[in-house]
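Worksheet: the structure to be examined is printed underneath.
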Amino acid sequence: GRAAAVGLLLAARAVAGLEPISVGIAIAAASALTGYLSYTDLFCRFAECCLEEQRLNASALKLELEEKLFGQHLATEVILKALTGFKNNKNPKKPLTLSLHGWAGTGKNFVSQIVAENLHSKGLKSNFVHLFVSTLHFPHEQQIKLYQDQLQAWIRGNVSACASSVFIFDEMDKLHPGIIDAIKPFLDYYEQVDGVSFRKAIFIFLSNAGGDLITKIALDFWRAGRKREDIQLKDLEPVLSVGVFNNKHSGLWHSGLIDRNLIDYFIPFLPLEYRHVKMCVRAEMRARGSAIDEDVVTRVAEEMTFFPKSEKIYSDKGCKTVQSRLDFH
């Protein structure tokens with residue numbers, strides 16, 4: 001019976017190319033034959049399903065963040081705790097909203113990718129993970145009202161289809177002020193908005209805004225002879241929220257999201273030091289299947305430029321150009 005079920009499924013896949021009706025018939029037949037798996041269980045083996053009650057593998061996420069994200073002890077700690085707590089809560093009062101801040105190349109996009117992959121198996125390619133890029137999706141300042149309407153409709157439709165949808169907004173510092181406030185009702189403490197509950201969704205904002213504030217505090221710690229690992233969230237989060245709120249180029253300028261305390265965490269990404277750049281080079285070598293050559297690691301790291309001019313502590317591009325520079329060695 002199980003062999004026949006498998007045969008039916010493979011035949012449906014080959015002939016119909018995963019056409020839903022054909023697969024549905026095959027799955028129903030297979031379910032009847034086996035009695036082991038439900039229609040949903042079998043269907044989800046061949047098509048992506050929104051598994052709203054799927055628990056987060058916190059250990060796997062922790063290991064991935066620790067092994068792949070360099071120099072960001074605060075981001076690793078806060079993201080892990082925030083996601084674990086949110087996913088373990090069967091009845092959250094609002095969606096989880098994270099705002100990631102720091103200079104380019106410090107790991108914000110990389111972290112959003114890791115988070116997406118740990119929440120939905122297909123990651124950024126998932127039907128339930130949605131990436132918005134400000135300069136691509138919202139380029140024209142004179143069309144703000146149109147963008148607001150489109151954004152509301154898109155988010156409402158996708159959360160209706162999958163309550164645990166993930167929405168990532170990249171380049172928030174280039175987003176025209178006011179656009180993001182269109183989603184304020186979805187992030188608030190409402191049980192439902194127009195018959196839809198948004199409480200299990202996750203919103204992630206990525207922004208270079210606040211990078212100067214983060215660097216100043218990190219530099220103050222360094223000049224005082226204190227370790228960067230001594231920097232705590234309380235040293236940066238209040239400064240970030242106020243700074244971003246008052247920054248006309250943050251995308252959150254005078255935003256109701258901040259005014260109403262709807263952003264759960266402002267997460268700082270610290271500027272990367274020379275040693276962190278070397279970690280990035282080694283990681284890229286491993287990803288390419290190459291043996292670690294410390295001479296090449298050093299040469300690539302030394303080709304990067306660092307600031308401030310007097311101390312030259314932090315890479316001005318983080319690890320952003322490591323891949324392209326490694327191509328020359």
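No experiment lies behind these values; they were computed from the predicted model shown.
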Does [X] belong to the same Ile/Leu/Val/Met/Phe/Trp/Tyr cluster as [Y], with side-chain heavy atoms less than 4.5 Å apart forming each link?
{"X": "Leu61", "Y": "Phe70", "value": "no"}
{"X": "Val115", "Y": "Ile263", "value": "yes"}
{"X": "Leu69", "Y": "Leu74", "value": "yes"}
{"X": "Val300", "Y": "Ile292", "value": "yes"}
{"X": "Val78", "Y": "Trp103", "value": "no"}

request  = Start with the C-alpha gap between Lys312 and Phe307, add the side-chain angles, then the distance that decides, and say whether side chain to side chain contact (heavy atoms under 4.5 Å, CB included) holds.
outcome  = CA-CA 4 Å; Lys312 294 186 177 180; Phe307 72 98; over 6 Å; no
Is the ring pair [X]/[Y] parallel, tilted or perpendicular, if the boundaries are 30 and 60 degrees?
{"X": "Phe167", "Y": "Phe203", "value": "parallel"}
{"X": "His137", "Y": "Phe132", "value": "perpendicular"}
{"X": "Phe186", "Y": "Phe198", "value": "parallel"}

message = For Ile217, give me all partners under side-chain contact (heavy atoms from CB on, under 4.5 Å), at least two apart in sequence or on another chain.
response = Phe221, Leu236, Val239
Determine, for [X] against [Y], whether the closest basic-nitrogen to carboxylate-oxygen distance falls under 4.0 angstrom.
{"X": "Arg299", "Y": "Asp295", "answer": "no"}
{"X": "Glu294", "Y": "Arg282", "answer": "yes"}
{"X": "Asp264", "Y": "Lys94", "answer": "yes"}
{"X": "Arg275", "Y": "Glu273", "answer": "yes"}
{"X": "Glu191", "Y": "Arg199", "answer": "no"}
{"X": "Lys145", "Y": "Asp149", "answer": "yes"}
{"X": "Asp188", "Y": "Arg260", "answer": "yes"}

ask   = Tell me the disulfide bond (SG atoms under 2.5 Å apart) pairs involving residues 204-248, sequence neighbours left out?
value = none
key: Summary of disulfide bond (SG atoms under 2.5 Å apart) pairs that have at least one residue in residues 199-271, sequence neighbours excluded   = none
key: Test log, rule side chain to side chain donor-acceptor pair (under 3.5 Å), inputs Gln152 and Gln148   = CA-CA 6 Å; Gln152 284 186 345; Gln148 289 177 326; over 6 Å; no
query = How far apart are the C-alpha atoms of Thr135 and Glu171, what are their side-chain angles, what is the distance that settles it, and do they pass the side chain to side chain donor-acceptor pair (under 3.5 Å) test?
reply = CA-CA 7 Å; Thr135 51; Glu171 298 185 346; 2.6 Å; yes
request  = Only counting residues at least two apart or in another chain, list the ones meeting side chain to side chain donor-acceptor pair (under 3.5 Å) with Lys62.
outcome  = Glu66
task = With sequence neighbours excluded, give me every salt bridge (Lys or Arg N to Asp or Glu O under 4.0 Å) pair touching residues 155-169.
result = Arg156-Asp194
task = If a pair satisfies salt bridge (Lys or Arg N to Asp or Glu O under 4.0 Å) and one of its residues is in residues 314-328, list it, with sequence neighbours excluded.
result = Arg288-Asp327, Glu303-Arg325
ask   = Centres of the Phe245 and His254 rings: under 6.0 Å?
value = yes
As an exercise, state the distance from [atom1] of [X] to [atom2] of [Y], rounded to the nearest 0.5 Å.
{"X": "Phe86", "Y": "Leu98", "atom1": "CZ", "atom2": "CG", "value": "9.5 Å"}
{"X": "Ile79", "Y": "Asn118", "atom1": "CD1", "atom2": "CG", "value": "11.0 Å"}
{"X": "Ser112", "Y": "Ile168", "atom1": "OG", "atom2": "CD1", "value": "4.5 Å"}
{"X": "Glu141", "Y": "His176", "atom1": "CD", "atom2": "NE2", "value": "5.5 Å"}
{"X": "Leu240", "Y": "Leu252", "atom1": "CG", "atom2": "CG", "value": "11.0 Å"}

request  = Would you please test Met285 and Val297 for side chain to side chain contact (heavy atoms under 4.5 Å, CB included) and show each step?
outcome  = CA-CA 9 Å; Met285 285 180 164; Val297 171; 3.9 Å; yes
inquiry  = Evaluate Ser250 against Asp173 for side chain to side chain donor-acceptor pair (under 3.5 Å), listing each step before the verdict.
reply    = CA-CA 4 Å; Ser250 74; Asp173 48 299; over 6 Å; no
